[in-house]
Amino acid sequence: MVHFSVSTLELLGGSSFHRLLWRQKYSKSRISLSRTMRKLGSSAEETPYKKYGLFSTPYGDYFRFVRKVLMTELLSPRQIERSRAVREEELIRFLHSLVECAEKKELVDVGAELMKLTSNALSRLVVSARCSDKGDEAEGIRELVKETFEVGSRMILGDVFGPLGKLVSLLYTKQNRNLHLKFDAFLERMLKDHEDQNKKIQHEDLTDMLLKLHKDDKADVEMTRSHLKALMVDLFIGGFGTTSETILWTIAELINHPNAFNKLRQEIKSVVGSSRLVEESDVAGLPYLQAVVKEGLRLYPPLPVTTRSARQDCKIQGFDIPKASMMSINLYAIMRDPESWLNPNEFWPERFLVSTKLEEEAVGENLNLLTFGAGRRACPGAKLALTILYRTVAAMVQCFDWKVGGDGEAKVNMESEKGSFLHMAHPLICLPVVHFNPFASSI
Ligand code: HEM
């Protein structure tokens with residue numbers, strides 16, 4: 001453990017720290033932790049939404065209400081099922097464009113294509129508009145999310161490094177405010193489109209659902225327009241880059257491990273056959289696919305660090321933690337801790353095919369796999385993200401071989417960028433070679 005400042009602690013690794021997060025969910029732990037991103041929270045005061053966003057809202061009535069709305073409505077299994085057709089269309093577009101590149105022998109920036117896929121799928125879910133091509137209604141949102149990540153990254157560093165961080169944060173306050181104003185203009189346009197009865201939105205999307213809450217006099221908490229916008233921002237920020245980045249790292253590891261790649265392809269072939277594209281409903285019968293995706297999530301958590309603050313004085317792992325101390329929890333280190341994982345830095349999906357005692361204890365949830373966080377502040381988008389992750393990885397392996405470097409035999413450089421988010425340092429540029437063309441008769 002490293003003590004950075006009076007109010008900020010960093011828990012490096014902490015092999016048993018994950019138990020604390022889980023205990024909050026499964027028992028009435030006397031230790032009460034809340035998540036606050038103090039710098040983001042304080043700069044959020046200057047934004048149009050103050051602190052209504054879930055990321056910066058402290059534990060309390062509003063948090064519980066919004067969390068319930070997300071888990072039981074907006075991101076519920078029923079809603080995920082209802083949006084299956086949107087994901088299907090976007091995956092087909094993605095595969096079409098890859099098949100075209102393969103036929104023209106054009107190199108592909110895999111990360112950029114994945115970002116288009118996941119951001120379009122999510123943007124359509126939230127506002128029924130695509131965002132990646134010129135002329136798309138939600139064009140511009142991806143740039144806003146990217147900028148927010150860049151600014152947020154510096155703000156979070158600000159939290160960890162105490163006074164020096166305060167200086168860093170100050171430098172970016174103006175940029176942060178401008179960013180939120182740009183976001184506001186976009187969200188206002190989307191809300192107006194949804195309220196305009198003449199603009200026909202085909203299916204009920206998450207913005208329609210939020211607007212219903214806004215108009216509901218009997219809702220437990222009054223949802224103002226600012227509350228709605230804050231939640232829309234959370235959905236965009238939470239979902240855009242995280243999902244695509246995880247697929248990218250997983251595919252890169254598969255390219256570097258041809259045995260695992262071929263084993264997965266073989267599993268898909270034995271379950272799906274050779275005449276149709278893998279579907280979301282196939283995933284339950286593909287245990288190796290599930291293990292591969294979990295291994296990608298373990299090694300490359302896109303948000304490697306999360307934060308909590310102590311709601312009262314407490315003791316953690318023998319250390320006295322004063323009330324209001326900010327703690328950063330290093331999910332990355334926990335998931336590579338040699339005390340919990342055999343050969344922790346190795347890509348070895350088979351580890352997830354062996355059930356461990358810890359898994360049994362957690363009733364099917366792997367205690368050590370913390371990519372989506374844990375406890376009452378765990379990621380509410382995990383189920384949606386996993387649905388996209390499984391299907392996309394499966395389709396990329398079923399349909400293409402991925403050639404890297406001039407001779408097509410090079411290994412992917414797995415170096416990561418320095419910063420608060422786990423990005424690949426070098427773009428993954430590949431030549432896709434068609435193995436199975438799902439559009440063979442329609443192209
Ligand atoms: C691979 C994809 C994703 C990863 C790895 C991921 C990871 C995380 C992590 C680590 C947290 C913090 C958890 C904690 O502190 O315990 C979080 C929170 C959150 N995520 Fe995700 N996420 C992903 C996808 C999504 C998606 C698709 C959405 C929504 C569409 C989403 C929305 C959120 C929100 C709103 C929170 C804040 C929850 C709270 O404070 O209570 N995430 N996510």
Side-chain angles (χ1 to χ4, degrees), residues 53-55 66-94 114-132 138 141-142 145 149 203-210 213 228 230-250 278-284 286 289-290 292-294 296-298 300-303 306 364-366 369-396 421:
L54 194 60
F55 279 108
V66 172
R67 185 85 199 177
K68 193 168 148 210
V69 168
L70 280 172
M71 300 308 288
T72 60
E73 296 189 37
L74 303 192
L75 299 171
S76 67
R78 191 170 55 94
Q79 184 59 26
I80 293 173
E81 186 50 40
R82 283 177 60 194
S83 55
R84 188 193 281 239
V86 164
R87 288 190 298 280
E88 179 72 23
E89 274 177 37
E90 291 304 327
L91 185 78
I92 295 295
R93 267 179 209 259
F94 168 75
L114 283 169
M115 183 65 177
K116 272 193 221 166
L117 165 71
T118 56
S119 56
N120 278 328
L122 202 68
S123 173
R124 287 184 65 186
L125 184 73
V126 181
V127 291
S128 293
R130 301 184 78 247
C131 60
S132 72
I141 184 75
R142 267 192 318 145
V145 171
F149 262 80
H203 304 289
E204 189 182 56
D205 57 29
L206 303 196
T207 303
D208 291 316
M209 294 165 85
L210 285 170
L213 279 176
L228 304 197
L231 285 182
M232 288 164 80
V233 171
D234 279 354
L235 293 170
F236 288 126
I237 305 274
F240 264 31
T242 46
T243 315
S244 59
E245 203 72 31
T246 311
I247 302 171
L248 184 64
W249 284 110
T250 308
V278 59
E279 289 173 10
E280 282 181 8
S281 54
D282 293 317
V283 170
L286 297 169
L289 169 69
Q290 293 175 37
V292 163
V293 168
K294 282 184 191 164
L297 284 163
R298 180 185 73 84
Y300 304 102
L303 305 175
T306 189
E365 290 178 270
N366 191 318
L369 190 63
L370 288 174
T371 314
F372 294 106
R376 60 166 81 104
R377 306 280 329 210
C379 176
K383 190 164 172 40
L384 173 63
L386 281 170
T387 307
I388 300 174
L389 281 166
Y390 287 137
R391 173 93 188 284
T392 310
V393 169
M396 289 175 80
F421 304 101

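- Taking the side-chain hydrogen bond (donor to acceptor under 3.5 Å, both in side chains) definition, one finds that Arg298 meets it with Glu295, sequence neighbours left out.
- Partners of Asp234 under the salt bridge (Lys or Arg N to Asp or Glu O under 4.0 Å) rule, at least two apart in sequence or in another chain, do not exist in this structure.
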- Message: Checking Leu75 against Lys383 for the side-chain contact (heavy atoms from CB on, under 4.5 Å) test, could you report, in this order, the C-alpha distance in whole Å, the side-chain angles of both residues, the deciding distance, and whether it holds?
- Response: CA-CA 8 Å; Leu75 299 171; Lys383 190 164 172 40; over 6 Å; no

- Output, in order, the C-alpha distance, side-chain angles, deciding distance and verdict of side-chain contact (heavy atoms from CB on, under 4.5 Å) for Glu279 and Glu88. CA-CA 9 Å; Glu279 289 173 10; Glu88 179 72 23; 5.5 Å; no

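- Among residues at least two apart or in separate chains, there is no salt bridge (charged side-chain N to carboxylate O under 4.0 Å, His left out) pair with a member in residues 236-249.
- Across every non-hydrogen atom of Gln290 and Tyr390, the tightest pair is CA-CE2, 3.6 Å.
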- Item | side-chain contact (heavy atoms from CB on, under 4.5 Å) between Phe94 and Thr392, intermediate numbers included | CA-CA 10 Å; Phe94 168 75; Thr392 310; 4.2 Å; yes

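- Residue Leu70 holds its CG atom at 11.5 Å from CG of Leu384, rounded to the nearest 0.5 Å.
- The structure places CG of Leu122 at 7.0 Å from OG1 of Thr243, a figure rounded to the nearest 0.5 Å.
- Residue pairs meeting the side-chain hydrogen bond (donor to acceptor under 3.5 Å, both in side chains) criterion with at least one partner in residues 73-82, sequence neighbours excluded, are Gln79-Arg82, Glu81-Arg84.
- The side-chain hydrogen bond (donor to acceptor under 3.5 Å, both in side chains) test applied to Ser83 returns Arg87, not counting sequence neighbours.
- If you run side-chain contact (heavy atoms from CB on, under 4.5 Å) between Leu213 and each of Leu231, Val69, Leu74, Val66, only Val69 comes through.
- In terms of modelled atom types and a separation under 3.5 Å, the side chain of Thr242 and the main chain of Pro302 share no donor-acceptor contact.
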- Task: Start with the C-alpha gap between Leu389 and Thr250, add the side-chain angles, then the distance that decides, and say whether side-chain contact (heavy atoms from CB on, under 4.5 Å) holds.
- Result: CA-CA 9 Å; Leu389 281 166; Thr250 308; 5.5 Å; no

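- Across every non-hydrogen atom of Val86 and Ala121, the tightest pair is CG1-O, 4.0 Å.
- Qualifying side-chain hydrogen bond (donor to acceptor under 3.5 Å, both in side chains) partners for Glu89, counting only residues two or more places apart in sequence or in other chains: Arg124.
- Annotation for Ser119 and Arg142: closest pair OG-CD, 2.8 Å, computed over non-hydrogen atoms.
- Closest approach of Leu386 to Val293, counting heavy atoms only: CD2-CG1, 4.4 Å.
- Distance check, rounded to the nearest 0.5 Å: CZ of Phe372 to CG of Leu303 gives 10.0 Å.
- Between Thr118 and Ile247 the shortest side-chain heavy-atom distance falls below 4.5 Å.
- When side chains are defined from C-beta on, Met232 counts as touching Val127, because their heavy atoms get closer than 4.5 Å.
- How far CD1 of Ile388 is from CG of Leu91: 10.0 Å, rounded to the nearest 0.5 Å.
- The two atoms that bring Ala394 and Val278 nearest to each other are CB-CG1, 3.7 Å, heavy atoms only.
- With values rounded to the nearest 0.5 angstrom, Leu125 atom CG is found 4.0 Å from Leu206 atom CG.
- In terms of heavy atoms, Gly373 sits closest to Ala378 at C-CB, 4.0 Å.
- With rounding to the nearest 0.5 Å, the separation of CG in Asp205 from CG in Leu210 is 9.0 Å.
- Within the 4.5 Å cutoff, the side chain of Ile141 has heavy atoms near those of the Phe236 side chain.
- Residues Pro380 and Arg67 meet the side-chain proximity criterion, which asks for heavy atoms closer than 4.5 Å.
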